[in-house]
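The structure appears below as structure tokens.
Per chain, numbering begins at 1; letters A, B, ... match sequence-line order.
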Amino acid sequence: MLKSQCPDQALGISRLGIRAWSLIRHSAFVIRHFPPIIQCFVTPTRGHEVTMAEKIKTRAEDYSQWYLDIIKHANLADNSDVRGCMVIKPHGYAIWEKMQRGLDRLFKDTGHVNAYFPLFIPKRFLEKEAEHVEGFAKECAIVTHHRLIPKPGGKGLMPDPKAELSDDEQLVIRPTSETIIWNTYKNWIQSYRDLPLLINQWCNVVRWEMRTRLFLRTAEFLWQEGHTAHATQKEAEEEAHRMLEVYRTFAEDWMAMPVLTGPKSDGQKFPGAIYTLCIEAMMQDHRALQAGTSHFLGQNFAKAFDVKFQSAEGKLEYAWATSWGVSTRLVGGLIMTHSDDQGLVLPPRLAPIHVAIVPIFKKPEEKVAVLKAANELAAGIRAIPLGDWLNYDPIVVKVDDREQYQPGYKFNEWELRGVPVRVELGPKDIEKNACVLARRDVPGKEGKEMGVPLAGAPTRIIEILKSMQTSLFEKAKKMRDAYSYEVNRWDEFKQKIEEPGGFLWAHWDGTRATEDRIAAETKATIRCIPFNRPQEKGKCILTGEPSEGRVVFAKAY
RNA sequence: CGGGGCGUAGCUCAGUUUGGCUAGAGCGCAUGGUUUGGGACCAUGAAGUCGCAGGUUCGAAUCCUGUCGCCCCGACCA
């Protein structure tokens, strides 16, 4: 019966065996021309969603491909020709810039200043702190020569043997800067009056990773690293906790990404630290992402680099240290926390573009009227001060007046790029002095508001942006809570970590050996020993030994 | 670094088994026209050192060796 009503469908089906696309493309055609028929034919799938499938794999189909597709099609980054390194494209970099600005202000508000230390670190510096050396030695890029010469006989260049650096001169590209910085602090710190020293640097670092993944783990990445020196242990520990709280604030209030906070187990801490605090988030595939770390370094680096100061009592003492960092990995976390199968979803406070206005017109006189209204509306939105909420940055409104694309194409494109609010403005709206608003976090019709009066649109848009910021957080938190379990039996642990995955709150005997065994059997590691865990003694999930409280296990990125 | 898969136009891929005419398609791109409220259509056109380097051969995208890169699974990993 369907065939007789619409011969095109039969054609589409017969092509299926030859090429899947034929059917898909063909059904898109059918939809436009025979709207009543599709309902029984392709059921709920709308034409543009089928087309989207050409570009983005769904999360259910292939989560890691979905992640890569989003990055590619939202124009965030490319793989480069350099092994393990990425090119961050303007739209991706704009997100990082937003993060930098937000974080930098939080750092400044807590008394920190920025400085810059060298990219090259003398190898001998790295050797000075035993645990630190061991932690980083395996993944260093090393500078051994300082000149290239033509290869004998052939094309190409080679390091000049005469320009080889002596063992003592060899440099590593910084994997982190504790050593060069503490070597410098030796000269800056003499008296307790020089403390605390609260310094941050924005820079790149290199870690020679075996397997890389855009934004989440690359050989070179961008980050900030704070390095502070204090007169007392108490002050340094407070600093480490304060900066973790800064990270939590940024993750939750700006990125709308809920995080657990707490110390790492000894097995997971930073090499050279007394302890490491972390923020830990859950991605949509229920794996954990370490999103930031803050370390209490004790006097380890002060001792290694002989950083002593004279106290008020006139005694010579070693300084107490912290370091803390977040990286472009946050961009990966942001993508995996909020995005959907249509593309990128960005929380408004970090969106490089907040509002896209899509004008719709056919006739020249319509074009004039619509563009005028669009520009006036854009000006009206820009005129609303958002102050602190957007870090005193202007709200960015784009009037998409490109004429080579149709409105439908633009709708999809702005969705793909994660613009929080889209305005649709055409002749029908102009007649009513109104417009249509669509919010990115609610896909389809439910996310659209029709007939919003133009005069009130700017304030309505701001309301939507603000509500979107909180609802993205709530949605992410709901997902995390839905995949967090208290687990008490080992078989249950093994089964849950496999399917559906998530955060497993389980008792642990506190030993490295047990942690390693659990990791070996299940690939789950201790992500965090949450500050807010309930007071509850118990028995270790694996060994049955006494446990002080539950820790959070998960598979991690 | 181990196992598997894959590198052909910006993207997705066909062609490789069995070497042989001038290397193809769709999408995208450019130009012109018709279009424009959820990814428009027609016409014309541009675009490739077949990942790279050697080798075998009269002849290599195709066979051989090496190498680089990507994806998946391990190992590794603030």
Return the nearest nucleotide to the side chain of [X]; candidates are [options].
X: Lys428(A); options: G38(B), C77(B), G37(B); value: G37(B)
X: Gln406(A); options: G38(B), A78(B), G39(B); value: G39(B)
X: Pro427(A); options: C11(B), G37(B), G38(B); value: G37(B)
X: Glu139(A); options: G38(B), G37(B), C77(B); value: C77(B)
X: Ile360(A); options: G37(B), A78(B), C77(B); value: G37(B)
X: Val436(A); options: G37(B), A78(B), C77(B); value: G37(B)
X: Pro271(A); options: G38(B), A78(B), G39(B); value: A78(B)

Cation-pi, Trp414(A) ring and Arg422(A) (6.0 angstrom, 45 degrees): no

Within 45° cone of Phe411(A) ring axis and under 6.0 Å: Lys448(A) NZ or CZ: yes

Ring centre gap for Trp324(A) and Phe107(A) strictly below 6.0 Å: yes

Sugar-phosphate, base or nothing in reach of Gly292(A), heavy atoms under 4.0 Å: nothing

Counter-base of [N], judged by Watson-Crick or G-U geometry with both distances under 3.5 Å:
N: C70(B); result: G5(B)
N: U12(B); result: A25(B)
N: U65(B); result: A53(B)
N: U34(B); result: A40(B)
N: A47(B); result: none

On the side chain of [X], is there an atom forming a donor-acceptor pair with the base of [N] - under 3.5 Å, no angle test?
X: Arg207(A); N: C77(B); value: no
X: Glu366(A); N: G37(B); value: no
X: Lys448(A); N: G38(B); value: yes

Just to confirm, is there a sub-4.0 Å distance from OP1 or OP2 of [N] to any side-chain nitrogen or oxygen of [X]?
X: Thr176(A); N: A78(B); answer: no
X: Lys523(A); N: A75(B); answer: no
X: Lys138(A); N: C77(B); answer: yes
X: Gln268(A); N: A78(B); answer: no
X: Lys269(A); N: C77(B); answer: no
X: Tyr405(A); N: C29(B); answer: yes

Using distance alone, with no hydrogens and no angle criterion, decide if [X] and [Y] have a side-chain donor and acceptor under 3.5 Å apart.
X: His286(A); Y: Gln284(A); answer: no
X: Ser177(A); Y: Gln201(A); answer: yes
X: Tyr67(A); Y: Asp62(A); answer: no

Spacing of the [atom1] atoms in [M] and [N] (rounded, Å):
N: U49(B); M: A40(B); atom1: C1'; answer: 37 Å
N: G24(B); M: C71(B); atom1: C1'; answer: 26 Å
N: A46(B); M: C6(B); atom1: C1'; answer: 29 Å
N: U44(B); M: A25(B); atom1: P; answer: 13 Å

Residue closer to the 5' end of RNA chain B, Glu403(A) versus Gln65(A) (nearest nucleotide): Glu403(A)

Pro175(A) or Ala520(A), whichever maps to the more 5' nucleotide of RNA chain B: Ala520(A)

May I have the distance from [X] (atom [atom1]) to [N] (atom [atom2]), rounded to whole angstrom?
X: Arg402(A); N: U35(B); atom1: CZ; atom2: C1'; answer: 17 Å
X: Asp429(A); N: G38(B); atom1: CG; atom2: C1'; answer: 14 Å
X: Tyr67(A); N: C71(B); atom1: OH; atom2: P; answer: 12 Å
X: Glu413(A); N: G28(B); atom1: CD; atom2: P; answer: 13 Å
X: Lys362(A); N: A40(B); atom1: NZ; atom2: P; answer: 14 Å
X: Asp400(A); N: G37(B); atom1: CG; atom2: C1'; answer: 15 Å
X: Arg287(A); N: C77(B); atom1: CZ; atom2: C1'; answer: 12 Å
X: Asn79(A); N: C11(B); atom1: CG; atom2: P; answer: 12 Å

Pairing of Asp441(A) and Arg439(A) as salt bridge, 4.0 angstrom limit: yes

Lys/Arg-Asp/Glu bridge criterion (N-O < 4.0 Å) met for Lys138(A), Glu209(A): no

